[in-house]
Visitor: 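Dropping the structure in here first, questions after.
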Number of protein chains: 2
Amino acid sequence: MIPGPPPQRGPVMSDVAARAGVSHQTVSRVLNGHPHVSATTRTRVLAAIAELGYRRNLSARVLATGRSNVIGVVAQNTTLYGPSSMVQAIGEAALGADLSLTVGHVAGYDATAASRRIVERLVQQGAAGLVFIAPVDAAAEAMRLVPGGVPIVTVDGLPEWQSANVSVDQYTGGLLATRHLLEAGHRTVWHVAGPEPWHGSRAREEGWRAALAEVGAVAPPMPRAGWSAASGYQCGRMLARIPDCTAIFAANDHVALGIMRAMAEQGRRIPEDVSLVGFDDVPEAGYFHPGLSTVRQEFAEVGRQAVRLLLDQLATGTSSAESALVEPVLIPRATVAPPGNQEKA
Amino acid sequence: MIPGPPPQRGPVMSDVAARAGVSHQTVSRVLNGHPHVSATTRTRVLAAIAELGYRRNLSARVLATGRSNVIGVVAQNTTLYGPSSMVQAIGEAALGADLSLTVGHVAGYDATAASRRIVERLVQQGAAGLVFIAPVDAAAEAMRLVPGGVPIVTVDGLPEWQSANVSVDQYTGGLLATRHLLEAGHRTVWHVAGPEPWHGSRAREEGWRAALAEVGAVAPPMPRAGWSAASGYQCGRMLARIPDCTAIFAANDHVALGIMRAMAEQGRRIPEDVSLVGFDDVPEAGYFHPGLSTVRQEFAEVGRQAVRLLLDQLATGTSSAESALVEPVLIPRATVAPPGNQEKA
DNA sequence: GCCGAAATTGTGAACGCAAACATGCGTGCG
DNA sequence: CGCACGCATGTTTGCGTTCACAATTTCGGC
């Protein structure tokens, strides 16, 4: 607890009641929109509330009712485009459903300790349900701390967790990206993968492999990047020296940016010499040099689905394992072209 | 409130007490680390807690004590790099200070209605203090809803709000950026400003003007962009047609990216024909083509200062108007060069 | 071996609210 | 004309915790 003087308490329900000349219960009824309150009483109470600047004490309310309309979100890496968009989307969807949102931001990549703590607090606060943005396994560990009866929805979780889950169909995303490059005429497609622990990395990789398999192409070696431009650049410096490498599917847009930079430094032009597809469609992707072809994830839809699944469980009281898949869409721009002549600068 | 069956309640303190063979008060003492509890009793209580999976009810605790160790953060546009970094930084700093954080994310650019609501909820939840990430005036409106006695810290707020505030010194940032271009030999520097409502936009603009004034340079007309690459691109298309425009200070890195794209399309090379400085130092700025010279804001430091100011107020019970300024630092990369020959492609 | 202080534990009340139950009044119907 | 029912409102109780205070035990010094 915070040291220091206790904050002075504001007016409470009985103050309002006294001022309006009614009982506190009538005030409660007005506040909760119960029937059987006369119009005149209601306005008197409302006036008293306004005059006193009364606001009801949520803790007392939650304590008395045993329910809260707060849902918790556990998120990591919220400076990344994907997770932050997800949180934003869930927030908007929750607002629409008249739910309040408490977001527990797990700092940094070290998830375990921090997320335990955040889950603990969310549960203690009486969150009615929890959304785990769980693109890595570490997030699942904290899920076990949640007492039974509290509904959970995961985002980007794994099927074996048996939770209600909503994911972007990253497998299909990888498929779309790779097919797009293949259809441009490339013999095969290289893939710079995302970090191994992320489920999305694995799914994109599988989509890539599947697309290659469809046309009988052999999968080239697969370098692995983080999600950053810096790591994409490192991989790109290698790939730029491989003449055969004319088509690349990058783990995400920022990795693609790093690759573009590395290619440029080696004098390999995009898309004339090397075709490239990213993932995410970050807002600035269209303004890379040249505009990046990529696969967009519909985060807003993910947020809506997550809230919907949570509300379902809340309403029925059952914990379903229903899951939703959101389809990504290919955004073709300027970084894909048929394989041309391989001229070095 | 959420409809549906009320969630079943877990074990409560008296359950633990019964199991451990003590009174509920002793359990409370153990939980709160009070002195005068014998070691054997403590371990018995702890064991009972573990066996029952007991977790204390925060609502009841807050109700009884009248204080919470939760601080609220009101933030907007959390998909933008700046705000999301800020939230992250505050989160880490709060964790270090053993505070819990509840983040209210205001969706989209329409701040007013949503932030009222979020503030209302944060106050009702009994937040001990509030951090407003208030880079625009709209955020200040909601500040008035906060009852007196609840400490407030603003981030990127205005002095006239009389609140404890911490800001990045964006004026100096603008100064640094402009001087850097001037020192490279440019006669004057153009500025593509950020959105008018943002305080940071205005401060950067003033820094720019001040730097120009230092050397007696006359300020060229100032186009205004949003924070996006798209709007930077629009401005850039204009600037690219102005031969005199050889040095540009962009509102932020993404705007700079849009400008780079527009310049490239017009065949104006960076930095040979046009020098460019951005703002923010987003992680991928170094991988733009070419690497973007920019001004970095130390968000982590901002977060630490914000939490420090809040704790000060919490401890003393007074609402100070102390403020902190965090100095930005210039990151020179490849987009600034002396003015050369203006050749068109 | 006894007294007082310190240590340890227990008891009752209060926090602010909502739900269940109780009350008083008017009104329609037989 | 009386009875039952519905409306508007008041009273009481309990949610799970902490706090103030009371009760009991332990211990050291003389």
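In the text below, chain A, chain B and the rest are named by the order of the sequence lines, each starting its count at 1.
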Visitor: Excluding sequence neighbours, so at least two apart, what forms salt bridge (Lys or Arg N to Asp or Glu O under 4.0 Å) with A:R19?
Guide: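 Scan of A:R19 (salt bridge (Lys or Arg N to Asp or Glu O under 4.0 Å), adjacent residues dropped) gives A:E51.
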
Visitor: Which atom pairs link the protein and nucleotides 24-26 of chain D when you take only N or O atoms and keep those under 3.5 Å?
Guide:
none

Visitor: Please report how far the helix from C:dG1-D:dC30 to C:dG30-D:dC1 bends, comparing the axis fitted to its first five pairs with the axis fitted to its last five, to the nearest 10 degrees.
Guide: 40°

Visitor: Keeping A:N57 on the side-chain end and A:A60 on the backbone end, is there a donor-acceptor pair under 3.5 Å?
Guide: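 Yes; at least one donor-acceptor contact below 3.5 Å.
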
Visitor: Along DNA chain C, 5' to 3', what are the outermost nucleotides having an atom less than 4.0 Å from a heavy atom of chain A?
Guide: C:dC15 to C:dA20

Visitor: Has A:T154 got a side-chain atom pairing as donor or acceptor with A:A164's backbone, closer than 3.5 angstrom?
Guide: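 Answer holds: yes.
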
Visitor: For B:Y54 and D:dG16, what is the distance between atoms OH and P respectively, to the nearest whole Å?
Guide: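 Interatomic distance, OH of B:Y54 to P of D:dG16: 10 Å.
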
Visitor: If I take atom NE2 in residue A:H34 and atom P in nucleotide D:dG6, what distance separates them, rounded to the nearest angstrom?
Guide: 19 Å

Visitor: Show the nearest heavy-atom pair for residues B:S59 and A:V62, with the distance to one decimal.
Guide: OG-CG1, 3.4 Å

Visitor: May I ask you to verify if any side-chain N or O of B:N57 is less than 4.0 angstrom from the OP1 or OP2 atom of D:dC15?
Guide: no

Visitor: Does A:T79 have any side chain to side chain donor-acceptor pair (under 3.5 Å) partners at least two apart in sequence or in another chain, and if so, which?
Guide: none

Visitor: Please tabulate, for side-chain N and O atoms in residues 300-309 of chain B, each donor-acceptor pair with protein atoms closer than 3.5 Å (sequence neighbours left out).
Guide:
unit_1: B:E301; atom_1: OE1; unit_2: B:R304; atom_2: NE; d: 3.2
unit_1: B:E301; atom_1: OE1; unit_2: B:R304; atom_2: NH2; d: 2.8
unit_1: B:E301; atom_1: OE2; unit_2: B:Q305; atom_2: NE2; d: 2.7
unit_1: B:Q305; atom_1: OE1; unit_2: B:R308; atom_2: NE; d: 3.1
unit_1: B:Q305; atom_1: OE1; unit_2: B:R308; atom_2: NH2; d: 2.9

Visitor: D:dT18 C1' sits how many Å from B:L63 CG, rounded?
Guide: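 The answer, rounded to whole Å, is 10 Å.
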
Visitor: One character per nucleotide, please: for nucleotides 7-14 of chain D, 5' to 3', B when the base has a protein heavy atom closer than 4.0 Å, S when only the sugar-phosphate does, - otherwise.
Guide: SSBBBB-B

Visitor: Any ring pair (Phe, Tyr, Trp, His ring centres under 6.0 Å) pairs touching residues 114-155 of chain B, not counting sequence neighbours?
Guide: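 Applying ring pair (Phe, Tyr, Trp, His ring centres under 6.0 Å) to every pair that reaches into residues 114-155 of chain B, excluding sequence neighbours, yields nothing.
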
Visitor: Take B:I49 and B:L31, measure what side chain to side chain contact (heavy atoms under 4.5 Å, CB included) needs, and give me the verdict at the end.
Guide: CA-CA 10 Å; B:I49 288 176; B:L31 246 23; 3.5 Å; yes

Visitor: Scan the side chains in residues 133-152 of chain B for donor-acceptor partners under 3.5 Å anywhere in the protein, sequence neighbours excluded, and list what turns up.
Guide:
unit_1: B:D137; atom_1: OD1; unit_2: B:H199; atom_2: NE2; d: 2.9
unit_1: B:E141; atom_1: OE2; unit_2: B:R116; atom_2: NH1; d: 2.6

Visitor: Side-chain N or O of B:S28 less than 4.0 angstrom from OP1 or OP2 on D:dT18?
Guide: yes

Visitor: How far apart are the closest heavy atoms of B:Y54 and B:P11, and which atoms are they?
Guide: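 Result for this residue pair: CD1-O, 3.2 Å.
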
Visitor: Got a sec, which residues hit side chain to side chain contact (heavy atoms under 4.5 Å, CB included) with B:S14, two or more places apart in sequence or on another chain?
Guide: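 Side chain to side chain contact (heavy atoms under 4.5 Å, CB included) check on B:S14 returns B:V12.
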
Visitor: In a table with atom names and distances, give each donor-acceptor pair under 3.5 Å that connects a side chain of residues 117-126 of chain A to protein atoms at least two apart or in another chain.
Guide:
unit_1: A:R117; atom_1: NH2; unit_2: B:D98; atom_2: OD1; d: 3.0
unit_1: A:E120; atom_1: OE1; unit_2: B:R55; atom_2: NH2; d: 3.0
unit_1: A:E120; atom_1: OE2; unit_2: B:R55; atom_2: NE; d: 3.4
unit_1: A:E120; atom_1: OE2; unit_2: B:R55; atom_2: NH2; d: 3.2
unit_1: A:R121; atom_1: NE; unit_2: B:S100; atom_2: OG; d: 2.2
unit_1: A:R121; atom_1: NH1; unit_2: B:S100; atom_2: OG; d: 3.3
unit_1: A:R121; atom_1: NH2; unit_2: B:N69; atom_2: OD1; d: 3.4
unit_1: A:R121; atom_1: NH2; unit_2: B:S100; atom_2: OG; d: 3.4

Visitor: What residues, two or more places apart in sequence or in another chain, satisfy side chain to side chain contact (heavy atoms under 4.5 Å, CB included) together with A:S23?
Guide: A:Q25, A:T26

